[in-house]
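Report on the following structure.
Proteins come first, then strands; the chains are lettered A, B, ... in the order of their sequence lines, and each starts at number 1.
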Amino acid sequence: MCGRYTLAAGPIYFQEYFDIDLSISQYAQSYNIAPSQTVPVIVQNDTGRIAQQMKWGLLPSWSKESKSKYQMINARVETLTEKKTFKHCLTSQRCLVPATGFYEWTTENGSKQPHYIFRPDYELFAFAGLWDVWHKQGDDEIHSFTIITTAANQYMQTIHQRMPVILDPHNFDSWLNPDNHDLNIQIETLNSNRDIELESYPVSTRVNNPRNNDADLLERLTN
DNA sequence: CCAGACGTTGTT
DNA sequence: GTCTGG
DNA sequence: CCAGACGTTGTT
DNA sequence: GTCTGG
């Protein structure tokens with residue numbers, strides 16, 4: 001699955017990769033992004049492609065409570081079209097989730113060993129995401145998102161069973177366009193880049209606590 | 001029709 | 001065991 | 001995802 | 001919002 005990631009690219013580089021104009025309030029680097037945190041995602045609105053701050057953990061617009069138990073951090077691509085929870089979002093509220101890497105854990109002798117996964121060319125990731133906005137009387141709007149997951153590719157299988165869906169820049173426009181309502185094409189896109197080349201190494205268990213957030217978290221663990 | 005649920009992951 | 005907070 | 005909390009009462 | 005169950 002994908003339950004923790006990093007976004008440590010410089011703002012200029014970030015802007016260029018996603019072809020957006022960035023205001024500083026919409027971007028902050030982090031070495032340890034955990035569910036419930038508010039982070040930048042890329043969406044397309046009337047004015048074009050923009051970065052917008054949203055909370056990780058999809059809170060569907062129909063939720064009765066803002067602290068609903070249905071705050072999904074992931075959505076399985078295999079069952080995406082069957083799930084009523086995601087239907088509306090998949091049709092017209094798709095987003096890109098920018099990342100420079102992500103963490104997955106292996107259990108070794110009862111302890112949880114985190115691994116950092118990144119691209120060999122150190123390029124950014126665009127995870128495929130869905131977003132929604134929740135608004136009930138008296139409360140502020142809550143924009144939130146979920147990351148779509150898929151089965152681990154051959155490389156990732158050595159670490160974990162699942163991984164985030166990673167989109168190729170070639171598909172950004174089609175994925176983001178809210179007027180594209182052909183779900184079959186979107187599912188095809190989601191399955192098209194699974195064999196992307198990845199690299200990884202073990203990192204400190206300091207990653208486990210989301211309160212830790214510094215560049216040293218990315219250092220390769222040495223024994 | 002209305003009422004009620006709506007999810008993923010890992011581990012056992 | 002299960003939920004909340006980060 | 002992992003870490004950490006998980007409760008009530010009365011008094012200040 | 002959308003689907004399933006009764």
Side-chain angles (χ1 to χ4, degrees), chain A residues 1-8 28-40 53-94 97 99-118 125 127-136 141-152 156-166 178 181 183 186 190 200 202-214 217-218 221:
Chain A
M1 86 184 292
C2 183
R4 208 76 75 79
Y5 68 95
T6 65
L7 181 57
Q29 293 176 219
S30 176
Y31 302 95
N32 204 351
I33 295 171
S36 82
Q37 294 180 7
T38 298
V39 291
Q53 296 286 121
M54 296 197 195
K55 187 177 172 169
W56 186 10
L58 189 76
L59 179 65
S61 58
W62 44 260
S63 297
K64 292 190 182 78
E65 309 283 335
S66 65
K67 291 189 174 175
S68 161
K69 63 175 173 176
Y70 300 109
Q71 294 180 63
M72 263 67 69
I73 67 168
N74 294 137
R76 295 173 65 91
V77 68
E78 294 93 330
T79 53
L80 207 47
T81 55
E82 303 162 16
K83 300 295 183 184
K84 40 187 172 287
T85 302
F86 303 125
K87 184 68 173 290
H88 178 69
C89 299
L90 179 62
T91 303
S92 57
Q93 292 174 175
R94 299 175 297 265
V97 182
T100 45
F102 57 101
Y103 298 109
E104 299 286 3
W105 279 261
T106 53
T107 305
E108 291 165 17
N109 314 320
S111 77
K112 294 179 176 182
Q113 175 59 56
H115 300 257
Y116 182 60
I117 298 105
F118 55 97
F125 286 118
F127 299 151
L130 304 174
W131 66 275
D132 207 350
V133 55
W134 181 90
H135 188 41
K136 287 289 177 291
E141 283 189 349
I142 299 176
H143 286 80
S144 63
F145 71 95
T146 190
I147 295 171
I148 300 173
T149 63
T150 188
M156 278 301 295
Q157 277 175 19
T158 61
I159 303 170
H160 202 76
Q161 298 294 323
R162 310 282 305 165
M163 63 182 236
V165 170
I166 299 155
H181 293 162
L183 302 190
Q186 303 300 359
L190 293 172
S200 74
V203 289
S204 164
T205 52
R206 286 203 308 121
V207 168
N208 295 16
N209 192 331
R211 292 174 195 270
N212 294 324
N213 189 343
D214 54 79
L217 295 181
L218 304 186
L221 194 68

If you measure from the P atom in D/dG10 to the same atom in B/dG4, how many Å do you get, rounded? 38 Å

List the residues meeting ring pair (Phe, Tyr, Trp, His ring centres under 6.0 Å) with A/Y103, not counting sequence neighbours, and say none if there are none. A/Y116

Within the structure shown, what part of the strands sits under 4.0 Å from A/S63 by heavy-atom distance: base, sugar-phosphate, or nothing? nothing

Can you see if the side chain of A/S61 gets near the phosphate of E/dG1 - specifically, an N or O under 4.0 Å from OP1 or OP2? no

A/T149 vs B/dT8: side-chain N/O to OP1/OP2 distance below 4.0 Å: no

Send over the distance from A/Q113 CD to B/dG10 C1', rounded to a whole Å. 17 Å

Contact list (N/O, under 3.5 angstrom) for nucleotides 3-6 of chain E vs protein:
from: E/dC3; atom 1: OP1; to: A/K87; atom 2: NZ; distance (Å): 2.6

For A/N208, enumerate each residue passing the side-chain contact (heavy atoms from CB on, under 4.5 Å) test, keeping only those at least two apart in sequence or located in another chain. A/W105, A/K112, A/P114, A/T205

For B/dT11 and A/T107 - does any side-chain N or O of the residue sit under 4.0 Å from the phosphate oxygens OP1/OP2? yes

Verify the contact: side-chain N or O of A/N208 to OP1 or OP2 of D/dA3, cut-off strictly under 4.0 Å; return yes or no. yes

Name the nucleic acid region contacted by A/S36, choosing base, sugar-phosphate or nothing; use a 4.0 angstrom heavy-atom cut-off, strictly under. base

Side-chain donor-acceptor distances from residues 59-73 of chain A under 3.5 Å, at least two apart:
from: A/S63; atom 1: OG; to: A/P60; atom 2: O; distance (Å): 3.0
from: A/S68; atom 1: OG; to: A/Y70; atom 2: N; distance (Å): 2.8
from: A/Q71; atom 1: NE2; to: A/S68; atom 2: O; distance (Å): 2.8

When all nucleic acid strands are considered with a 4.0 Å heavy-atom cut-off, which category describes A/F86: base, sugar-phosphate, or nothing? sugar-phosphate

A/Y70 side chain N/O closer than 4.0 Å to the phosphate oxygens (OP1, OP2) of B/dC6? yes

Length of the line joining A/R162:CZ and B/dT11:P, which is rounded to integer Å: 15 Å

Let me have the donor-acceptor pairs involving side chains of residues 77-85 of chain A, under 3.5 Å, with sequence neighbours excluded, atom names and distances please.
from: A/E78; atom 1: OE1; to: A/R162; atom 2: NH2; distance (Å): 2.9
from: A/E78; atom 1: OE2; to: A/R162; atom 2: NH1; distance (Å): 2.7
from: A/E78; atom 1: OE2; to: A/R162; atom 2: NH2; distance (Å): 3.3

Indicate, with yes or no, if the rings of A/F102 and A/F127 have centres closer together than 6.0 Å. yes

Could you write out DNA chain C as a dot-bracket string, with dots for unpaired bases, | for bases paired across to another strand, and Watson-Crick or G-U pairs counted at under 3.5 Å? ||||||

